[in-house]
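Given the structure is predicted, the values throughout are model-derived calculations rather than measurements.
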Amino acid sequence: MQAVKKAVIPAAGLGTRMLPISRCVPKEMFPIVDRPAISYLVNEAIDSGMTEVLIITGREKDAIEDYFDYSPEYDQALTAKGRELEVELIHGEISRGNIFFTRQKEKRGLGHALMCARSFVGNDPFAVLYGDDMVFSETPVCKQLADVYEKYGKPVVGLKTVTKEQLRKFCSMKAEPIEGTANEYTVTDMIEKPAPGKEYTDLAILGRVLLTPEIFDILETTAPGAGGEIQLTDAMAEYARRYGMVGLEFEGKRFDLGSKLGFLEANLYAGTKHPEVGEKFTEILKEFAKGL
Ligand code: UTP
């Protein structure tokens, strides 16, 4: 089976749940301690063996592109102060893999954003990392998905078991466990934001999928769905009904950076684990919690 070398990160959305700040700061650039969310996603893709990463941006999102560029003023200032090691670290952080950018000219939904990746993808399998979904895991989630893709040769959706209440906001899977595995499923359909009683299972897609180029033919004929947007889940549901997909309940702690609580929680989590400030921050947090 062909190894997965490409990843796509749609990051062009309006981020209305994070207003007012998202008008000026793309949510994908929100800091998780000292690095923007997008940096964690790019690193996840590259640590998973993907060598080419396409970030789909849009108007007001230039900061994303700037982050992956050199900044000679900082390099000079740091070098003048004898802080060459920091320059090296920054260059190392922003120079991993081949990073490409394209713009989604109209914000017509995740499915529409993905269509902008068609020529980049060509005939290859590719991972999709939803730009506001962050996962901390032992093995990078894209690697977990790529391993399963290589095993079955079918598109893979990253799943988590969620509560009935959470399921209303996500996409419920029609899924059957694959015999002899602990966390792999055959997926034959899915339903977006199911009304009570309409859900298939408590398994929902959360932030990572691994697709093949056939999805573009389906997307091309996918009518606008929820919110008048072209929904990727509508196209994946059609794919699952026609050909079947594989579901993987992945290992890792996931945060929705597109929501206020998810963003705050991700910073608490990453803050306590940060090599430089983690220990001190945990102490501060414990002290702070006493007064709550
Ligand atoms: P979301 O639905 O969470 O993003 O899409 P949104 O539309 O920005 O969020 P709200 O609901 O208004 O707060 C998941 C990912 O898909 C990207 C987003 O940037 C996000 O990373 N996306 C969404 C696009 O690239 N283009 C779109 O038209 C919509």
Is the number of heavy atoms from other residues, nucleotides or ligands within 6.0 Å of [atom1] ([X]) greater than 12?
| X | atom1 | value |
| --- | --- | --- |
| Glu60 | CD | no |
| Glu176 | CD | no |
| Glu279 | CD | no |
| Lys6 | NZ | yes |
| Lys280 | NZ | no |
| Arg23 | CZ | no |
| Lys260 | NZ | yes |

So, [X] versus [Y]: side-chain donor-acceptor pair below 3.5 Å or not?
| X | Y | result |
| --- | --- | --- |
| Glu249 | Thr161 | yes |
| Gln2 | Tyr149 | no |
| Thr233 | Gln231 | no |
| Gln104 | Thr57 | no |

Give, for atom [atom1] of [X] and atom [atom2] of [Y], the distance between the pair rounded to the nearest 0.5 Å.
| X | Y | atom1 | atom2 | result |
| --- | --- | --- | --- | --- |
| Asp147 | Thr139 | CG | OG1 | 8.0 Å |
| Ile46 | Leu41 | CD1 | CG | 11.0 Å |
| Leu14 | Arg59 | CG | CZ | 9.0 Å |
| Phe100 | Ile9 | CZ | CD1 | 13.0 Å |
| Leu257 | Glu265 | CG | CD | 10.5 Å |
| Ile230 | Arg108 | CD1 | CZ | 4.0 Å |

Inset, instruction - Pick out which of Thr188, Leu203, Val187 makes a side chain to side chain contact (heavy atoms under 4.5 Å, CB included) with Lys174. - result: Thr188
Legend entry - Test applied, side chain to side chain contact (heavy atoms under 4.5 Å, CB included); reference residue, Val4; option that passes from Cys142, Pro125, Ser48: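 Between Val4 and the candidates, side chain to side chain contact (heavy atoms under 4.5 Å, CB included) is satisfied uniquely by Pro125.
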Should the pair [X]-[Y] be classified as a salt bridge under the 4.0 Å nitrogen-to-oxygen rule?
| X | Y | result |
| --- | --- | --- |
| Arg118 | Glu220 | yes |
| Glu28 | Lys61 | yes |
| Arg83 | Asp75 | no |
| Asp62 | Arg103 | yes |
| Asp256 | Lys27 | no |
| Glu52 | Lys5 | no |
| Lys286 | Glu283 | no |

Inset, instruction - Can you run down the ring-ring contact (aromatic ring centres under 6.0 Å, His included) pairs that involve residues 46-77, sequence neighbours left out, and say none if there aren't any? - result: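 Of all non-adjacent pairs touching residues 46-77, those that pass ring-ring contact (aromatic ring centres under 6.0 Å, His included) are Tyr70-His91.
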Inset, instruction - Can you run down the ring-ring contact (aromatic ring centres under 6.0 Å, His included) pairs that involve residues 172-210, sequence neighbours left out, and say none if there aren't any? - result: none
Looking at side-chain heavy atoms only, is the closest gap between [X] and [Y] below 4.5 Å?
| X | Y | answer |
| --- | --- | --- |
| Tyr152 | Glu184 | yes |
| Ile56 | Val8 | yes |
| Glu229 | Leu110 | no |
| Asp133 | Arg254 | yes |
| Val156 | Leu211 | no |
| Val128 | Leu210 | no |
| Lys143 | Glu44 | no |
| Asn98 | Val53 | no |

Legend entry - Cation-pi check, Arg208 onto Tyr130 ring (under 6.0 Å, within 45° of axis):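 Negative - Arg208 is either too far from the ring of Tyr130 or too far off its axis.
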Inset, instruction - Test the Lys273-Phe136 pair against the cation-pi criterion, namely NZ or CZ under 6.0 angstrom from the six-membered ring centroid and within 45° of the ring axis. - result: no
Legend entry - Parallel, tilted or perpendicular: rings of Phe216 and Phe126 (30°, 60°):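 Parallel, since the angle between the ring planes stays under 30°.
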Legend entry - Over all atoms of both residues, closest heavy-atom pair of Ile38 and Ala11: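 Smallest interatomic distance, heavy atoms only, reads CD1-CB, 4.4 Å.
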Inset, instruction - Please report the closest heavy-atom contact between Ala204 and Phe170, naming both atoms and the distance. - result: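 Answer, listing the atom of Ala204 first, then Phe170: CB-CB, 3.7 Å.
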